[in-house]
Amino acid sequence: MDSNNKVKENDYISIKKRIFDIIQIGNKKDVVSRAFDIFIAVVIILNIVVMFLETFDELQQYYEVFYYIEVVTVSIFVVEYILRIWTADLLYPDKTRIKAIGKFLISYDGVIDLLTILPFFFLDGFVVFRMLRVVRIFHLFRINSKYDSFNVIKNVLYDKRNQIISSVFIIIILMMGASLGVYAAEHEAQPEVFKNAFSGIWWAVSTLLTVGYGDIYPVTTLGQIMGIITAFFGVGVVAIPTGIISAGFVEQYTKAKKEKYFDKEVALQFVTITVTKGHNWENHKVKEANIPQGLVLAIILRHGETIVPEGNIIIKSGDRLVLAAESYVDELGIKLNEVRIDSEHEWVNKRVRDLDISQLTTIISIMRRHKMIIPHGNTLIKADDDILIYSKSDVDIGGNEIRL
């Protein structure tokens, strides 16, 4: 009986995990999850379109159809919301189930999901609930935010947040100063128009942001001079956040271009092992050694001598083997780096012996079109080569200096 319960529990966990994987946004490797994202996006767009069409009196005969479409779409949102609450403990695995649900409910996604479905049940209630229907648009933003194109915008706003906040603060200060100034200049001439400082704020916003609705404007000479100054300030102030965001986009795309086309350097971790009598690799050629996947034999240290491990080098008892993985420098002061050479790298079309590198640095191997090359002085560096570089600090291994 316990065995059956355990099987059922495992099935339950497996189903829950699969549903969690499907409803997660932006999982491009999962076809079903990607299809679900597209489906939800279509449902959101359909819901928003219906919301717009319901405002046209000319389409009154279709109101019943619109209502049923909204019922279906909101029902889908409700099911999705319930599934996200159910799988919240998988979203926050480090928290208890209750705390995970609570964190989801107050998260951005949880609040957007709730505000997406809540207005439907209170359409005949307060005006605020009818106004909340516009939040459904942000539901679509939530999906787009998980994909690369929208992430560029998000990254720009996040990276430039301090500058944007500063520019908005400047706008607010100018807006308050302009509102108080125009109120002082116009209140006596237009007491019904400029009743208080808030009336001045409305005028200041429309002037600073160069909108100029024309519903409220100064008539006195002093007020008009104030309007001219405010309008000039508005042109400059609005340009500040625009310039900041534009510069942010340039930086993001420049960064993306560099990551794609320019050399990438990855620090490699390594471990050293000593080959003893009876070791599986003893008296075997390097190419015959059963080296674990994910590791590469970078250096053989033998009696104070550093040997580049070509395929036919025989591993002997007493050898110290340096196996490379990812990102580490050990107590011997040895460092391994993998450098990607792009077409504009200064090493392109240069011979190894002509490279301007430290005497404590050795090029161990060159990966070229999936072919491993053990370099010598005349080896030519080419674009798209992946070069494994061995270097050491002032700590000298066995008293010998590593040279090209």
Side-chain angles (χ1 to χ4, degrees), residues 14-56 59 62-93 100-101 103-123 128-161 245 248-249 252-253 256 260:
S14 177
I15 293 171
K16 185 175 182 179
K17 177 67 168 61
R18 183 57 185 144
I19 291 176
F20 173 76
D21 291 337
I22 291 173
I23 64 177
Q24 284 308 293
I25 300 171
N27 188 357
K28 299 179 181 179
K29 295 181 180 179
D30 191 329
V31 177
V32 179
S33 178
R34 188 71 180 269
F36 179 80
D37 291 349
I38 296 172
F39 169 73
I40 287 295
V42 171
V43 172
I44 295 170
I45 293 171
L46 181 61
N47 185 278
I48 293 171
V49 169
V50 167
M51 186 173 66
F52 271 93
L53 294 178
E54 285 177 338
T55 64
F56 289 84
L59 302 176
Y62 300 109
Y63 280 3
E64 187 175 355
V65 176
F66 295 156
Y67 174 77
Y68 286 117
I69 292 175
E70 192 164 11
V71 168
V72 173
T73 54
V74 171
S75 299
I76 293 172
F77 297 151
V78 171
V79 172
E80 183 196 15
Y81 185 60
I82 293 171
L83 290 177
R84 292 191 182 280
I85 293 175
W86 179 47
T87 59
D89 54 332
L90 296 178
L91 184 61
Y92 306 105
I101 293 174
K103 186 169 183 178
F104 170 74
L105 292 176
I106 63 174
S107 68
Y108 173 80
D109 288 350
V111 171
I112 291 298
D113 283 347
L114 179 61
L115 294 181
T116 298
I117 62 177
L118 198 61
F120 179 78
F121 301 99
F122 296 93
L123 288 180
V128 66
F129 285 109
R130 294 197 293 272
M131 293 176 64
L132 279 176
R133 299 172 75 188
V134 74
V135 175
R136 295 173 188 177
I137 295 175
F138 293 96
H139 195 105
L140 190 61
F141 283 171
R142 191 196 69 181
I143 292 178
N144 287 337
S145 67
K146 304 296 181 181
Y147 289 93
D148 295 338
S149 56
F150 198 86
N151 275 334
V152 172
I153 300 174
K154 185 175 70 175
N155 290 338
V156 168
L157 295 178
Y158 181 79
D159 291 342
K160 300 296 180 182
R161 62 190 183 281
I245 294 173
F249 275 109
Q252 284 291 325
Y253 284 114
K260 183 175 181 181

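Residue numbers count from 1 along this sequence.
Remark: Leu59 pairs with Leu53, Phe56, Tyr62, Phe66 by the side-chain contact (heavy atoms from CB on, under 4.5 Å) rule, at least two apart or across chains. Applying the side-chain contact (heavy atoms from CB on, under 4.5 Å) criterion to Tyr68, with sequence neighbours excluded, gives Glu64. For Leu105, the side-chain contact (heavy atoms from CB on, under 4.5 Å) criterion is met by Tyr81, Ile85, Ile101, not counting sequence neighbours. Evaluation of the side chain to side chain donor-acceptor pair (under 3.5 Å) rule for Lys16 yields Asp89 as partners, not counting sequence neighbours. When the side-chain contact (heavy atoms from CB on, under 4.5 Å) test is applied to Val32, the partners found at least two apart in sequence or on another chain are Arg18, Ile22, Asp30. Taking the salt bridge (Lys or Arg N to Asp or Glu O under 4.0 Å) definition, one finds that Lys103 meets it with nothing, sequence neighbours left out.
For the pairing with Thr73, the side-chain contact (heavy atoms from CB on, under 4.5 Å) check across Ile48, Val50, Val43, Ile44 returns one residue only, Val43. Residue Ser75 forms a side-chain contact (heavy atoms from CB on, under 4.5 Å) with just one option from Val71, Val78, Val79, Val72, and that option is Val71.
We find the CZ-CD distance between Phe36 and Glu80 to be 4.5 Å, quoted to the nearest 0.5 Å. Summarising the geometry, atom CG belonging to Leu46 is positioned 11.5 Å from atom CE belonging to Met51; distances are rounded to the nearest 0.5 Å.
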Going through the distances and angles, do Asp113 and Ile117 end up as a side-chain contact (heavy atoms from CB on, under 4.5 Å)?
CA-CA 7 Å; Asp113 283 347; Ile117 62 177; over 6 Å; no
Take Ile76 and Ile40 through the side-chain contact (heavy atoms from CB on, under 4.5 Å) test and state the conclusion after the steps.
CA-CA 8 Å; Ile76 293 172; Ile40 287 295; 4.0 Å; yes
Check the pair Ile23 / Thr87 against side-chain contact (heavy atoms from CB on, under 4.5 Å), numbers first and verdict last.
CA-CA 9 Å; Ile23 64 177; Thr87 59; 3.6 Å; yes
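When atom types are taken as modelled, the side chain of Ser33 and the backbone of Asp21 share a donor-acceptor pair closer than 3.5 angstrom.
Under a cut-off of 6.0 angstrom, the local environment of OH in Tyr63 is crowded, with over 12 non-hydrogen atoms contributed by other residues, nucleotides or ligands.
The heavy-atom pair separating Ala88 from Ala100 by the smallest distance is O-CB, 3.6 Å.
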